[in-house]
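This one's a predicted model, so the numbers in the text were calculated from it and none came from an experiment. Sequence lines set the chain letters: A, B, ... in the order given, protein chains first and strands last, and positions in each chain run from 1.
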2 protein chains.
Amino acid sequence: MKGYKITPQRQKIVEILGRAGCRLTAREIHQRLRKELPAVSIDTVYRNLHLLSAVGLTHHIQLASGAVYELTTDLSHHHHLYCVDCEKVVCIKYCPDLQGYSEQAGRYGFELVGHTFALQGRCSDCR
Amino acid sequence: MKGYKITPQRQKIVEILGRAGCRLTAREIHQRLRKELPAVSIDTVYRNLHLLSAVGLTHHIQLASGAVYELTTDLSHHHHLYCVDCEKVVCIKYCPDLQGYSEQAGRYGFELVGHTFALQGRCSDCR
DNA sequence: CTGGTAAATAGGAATATTACTATTTAAAAC
DNA sequence: GTTTTAAATAGTAATATTCCTATTTACCAG
């Protein structure tokens, strides 16, 4: 597909995220990946997480304490809400104005490529 | 105010951003700041940029190639649109659904604290 | 003005992330 | 199956960002 190769490194990163059942940091993915491919470099992990996110297979979630990654299980478009204290993450099936983005970009002569959106809050446990 | 101190480091970071008239990276700010305060550490730059952004005096703009910072000259709420090729940044006076965010957060028992939004596109020069 | 105190700093160390390059490899073409 | 080639990798180096701790300092109260 699209000139991308299916490499063992790539496959196993997806597997690891799938098995994990939770969000992992790049470091955690690297540690687990090493058990199967001892020579894998951290650069490969980052490179693939970028690529996988670009094609929609994974999500990159930027928390205050760092980035975490998850396998995209829910393929429908959604965003994230997270607690600024405990960093609990919730997927919200909500995108404020998907229709309007292209129009906004168009006002400045831009062709829309993507958008980022996230909500930060304080969860019920942390109040 | 609010227990924050007005330190020379802090003041000069704001001055530098004000004089620059453009967005700067943390490294650039550090280099310029050193000319006035030779012993200043890069950590101080980051720490203050975080704080200044938290209180609204500066904006943190995350581009694909890294983060840049700008002084908040336009105090009205707005977001950014940038070109994925040349990384030109445009301020857009548009926030898709400010009203709805609290309600969305509320659905999950969260008290809204903040939100992030940005548009990525391809500008007229890069098409 | 002087002392007390929380906030901020410098400096060094630890992490996180990206860049570079020679080599390897998946996949397509033959 | 073999060749070809662009994509991907490992390894290393460079940057970017954050953390830790002892020391300093802005600012408040007396």
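- Within 4.0 Å (heavy atoms only), Thr7(A) reaches sugar-phosphate atoms of the nucleic acid but no base atom.
- Nucleotide dT9(C) holds its P atom 11 Å from the CG atom of Leu49(B), rounded to whole Å.
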Identify all pairs in which a protein N or O lies below 3.5 Å from an N or O of nucleotides 17-23 of chain C, and state each distance.
residue	atom	partner	partner atom	Å
dT17(C)	OP2	Tyr46(A)	OH	2.3
dT17(C)	O5'	Tyr46(A)	OH	3.3
dT18(C)	OP2	His50(A)	NE2	3.1

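- Residue pairs meeting the salt bridge (Lys or Arg N to Asp or Glu O under 4.0 Å) criterion with at least one partner in residues 52-67 of chain B, sequence neighbours excluded, do not occur; the list is empty.
- Whole-Å rounding puts the Tyr4(A) OH to dT25(C) C1' distance at 18 Å.
- Contacts between residues 9-25 of chain A and DNA chain D, defined by a heavy-atom separation under 4.0 Å, are made by Gln9(A), Arg10(A).
- Put simply, CD1 on Ile6(B) is 17 Å from C1' on dT9(C), counting in whole angstrom units.
- No salt bridge links Glu28(B) with Arg34(B); every basic N to acidic carboxylate O contact stays at or beyond 4.0 Å.
- Taking Ile, Leu, Val, Met, Phe, Trp and Tyr as members and joining any whose side-chain heavy atoms lie under 4.5 Å apart, directly or through other members, the hydrophobic cluster of Tyr94(B) also contains Leu81(A), Val90(A), Ile92(A), Tyr94(A), Leu98(A), Tyr101(A), Tyr108(A), Phe110(A), Leu112(A), Phe117(A), Leu119(A), Leu81(B), Val90(B), Ile92(B), Leu98(B), Tyr101(B), Tyr108(B), Phe110(B), Leu112(B), Phe117(B), Leu119(B).
- Checked against side chain to side chain contact (heavy atoms under 4.5 Å, CB included), Glu103(A) has the following partners two or more places apart in sequence or in another chain: Arg107(A).
- Rounded to a whole Å, the CG atom of Leu33(B) is 14 Å from the C1' atom of dA8(C).
- Sequence neighbours left out, the pairs with a member in residues 46-66 of chain B that pass salt bridge (Lys or Arg N to Asp or Glu O under 4.0 Å) are Asp43(B)-Arg47(B).
- Terminal axes of the helix from dC1(C)-dG30(D) to dC30(C)-dG1(D) (five pairs each, C1' rotation axis) are separated by 50°, to the nearest 10°.
- Between the P atom of dA16(D) and the CD atom of Glu28(B) lies a distance of 10 Å, rounded to the nearest Å.
- Contact annotation: Thr44(B) reaches the phosphate of dA10(C) (side-chain N/O to OP1 or OP2, under 4.0 Å).
- For His60(A), the side chain to side chain contact (heavy atoms under 4.5 Å, CB included) partners at least two apart in sequence or on another chain are Ser53(A), Gln62(A), Ala67(A), Tyr69(A).
- Of all heavy-atom pairs spanning Ile16(A) and Ile29(A), the tightest one is CD1-O, 4.3 Å.
- For His80(B), the ring pair (Phe, Tyr, Trp, His ring centres under 6.0 Å) partners are His59(B), His78(B), not counting sequence neighbours.
- Whole-Å rounding puts the His30(A) NE2 to dT9(D) P distance at 12 Å.
- Screening residues 49-70 of chain B for salt bridge (Lys or Arg N to Asp or Glu O under 4.0 Å) gives Arg23(B)-Glu70(B) as the qualifying pairs, with residues at least two apart or on separate chains.
- Nearer the 5' end of DNA chain C, as judged by each residue's closest nucleotide, is the contact made by Leu37(B), out of Leu37(B) and Pro8(A).
- Distance, Arg34(A) CZ to dA10(D) C1': 11 Å, rounded to whole Å.
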Output a table of donor-acceptor pairs, distance under 3.5 Å, between side-chain atoms of residues 120-127 of chain A and any protein atom two or more places apart or on a different chain; print 'none' if there are none.
residue	atom	partner	partner atom	Å
Gln120(A)	OE1	His115(B)	N	3.3
Gln120(A)	NE2	Thr116(B)	OG1	3.4
Arg122(A)	NE	Asp85(A)	OD2	2.8
Asp125(A)	OD2	Lys88(A)	NZ	3.0
Arg127(A)	NH1	Gly109(B)	O	3.0

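- Through side-chain heavy atoms spaced under 4.5 Å, either directly or across other Ile, Leu, Val, Met, Phe, Trp or Tyr residues, Leu75(B) is tied to no other residue.
- Spacing between atom NZ of Lys5(B) and atom P of dA26(D) amounts to 8 Å, rounded to whole angstrom units.
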